[in-house]
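The structure appears right after this line, and notes come after that.
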Amino acid sequence: MTEHDGFRIERDEGRGVATITLDVPGKLNRVSLAARRQLAAAFAELGDDQAVRTVVMTGAGGAFTAGGDIASFLTAPVDEMTSLAFNVAAPERCPKPVIARIEGYCLGVGFELSLACDFRICSDDAQLGLPEIGLGMIPGSGGTQRLARLIGLSRAKDVIMRRKRISAEDALAWGLVSEVVPAAELDAAVDRVVDELGALSPVALAMAKRVLNHVYDAPLHVGLDLEGIAYGVLKSTDDFREGVESFVEKRPPKFEGR
Ligand code: COA
């Protein structure tokens, strides 16, 4: 079994879901540099695993994470520090839908990881932020870029340059998270989305994710072209045939992912 520094992976094969839980008791689930590399490898492995339809990322003990392991930054090699964004982009590269289940603190690299996920579902006590400027640093794992694209430059400057923490309420109003629920209802809310996604075609979901992510900031004509090509590829899948036939036959579809 692979050793992970500060996180574990559990699989529920019946529901096709793998859950990655950040878990560093007493240290608010701080994420080490080794953990970032291991998380990238774990997402790649889960992406290849046909039994996994959805990945959930979360934190133990009432917090997602308070962020990167601050003290280790001073001794990290420069090349490690300039490529942080690659490892943290792993949920985005993963062909499976990835849900961030967020409660409590979701700071620094934790927030950046969640920004690379497809869906963010949070409890009403969640606090999201990128406080790195207070350390004389900037968010270096994709935070400056993804946050501004998701909430706009003005709000991103408040969060990054003034260390404004985003409440769950604001996160919902700004379209940053898809759902906010009381803490006691968080698991049920995540389970609903897992089951919803698990009933859909894995190949169509993977293609939708790829087209949405890859051409988000490309010119419109490039995006439209890629969308058309992806549509053409999906046209020949068994899942598309099943989707159409099940609609016509008035029965629920059974998608096999091919
Ligand atoms: N890296 C390493 N350790 C961390 C950490 C981090 N990012 N965040 C918290 N911890 C540790 C603390 O050092 C403390 O350990 P200790 O008890 O051995 O001293 C423990 O977790 C609890 O943190 P503490 O600060 O006592 O809790 P709090 O409730 O008073 O404050 C925060 C919570 C999140 C506001 C505060 O811990 C904080 O500001 N953390 C850093 C956030 C940050 O800058 N993240 C970006 C990093 S790049």
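Just so you know, these numbers come straight off a predicted model, no measurement behind them. Numbering of ligands and ligand atoms starts at 1, following listing order.
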same_hphob_cluster(Tyr105, Met57) at 4.5 Å side-chain heavy-atom cutoff: no

Set of ring pair (Phe, Tyr, Trp, His ring centres under 6.0 Å) partners for Phe240, sequence neighbours left out: none

Asp49: salt bridge (Lys or Arg N to Asp or Glu O under 4.0 Å) partners, not counting sequence neighbours: Arg11

What are the distances between nitrogen or oxygen atoms of ligand 1 and protein nitrogen or oxygen atoms, counting only those under 3.5 Å?
from, atom 1, to, atom 2, distance (Å)
ligand 1, 1 (N), Gly68, O, 3.1
ligand 1, 1 (N), Ile70, N, 3.3
ligand 1, 7 (N), Ala66, O, 3.4
ligand 1, 7 (N), Gly68, O, 2.8
ligand 1, 15 (O), Lys27, NZ, 3.2
ligand 1, 18 (O), Lys27, NZ, 2.5
ligand 1, 21 (O), Gly26, O, 3.4
ligand 1, 45 (N), Ala66, O, 2.9

All salt bridge (Lys or Arg N to Asp or Glu O under 4.0 Å) counterparts of Glu80, not counting sequence neighbours: Arg37

Side chain Asp12, main chain Val17, donor-acceptor under 3.5 Å: no

Shortest non-hydrogen contact from Ser201 toward Asp239: OG-OD2, 2.7 Å

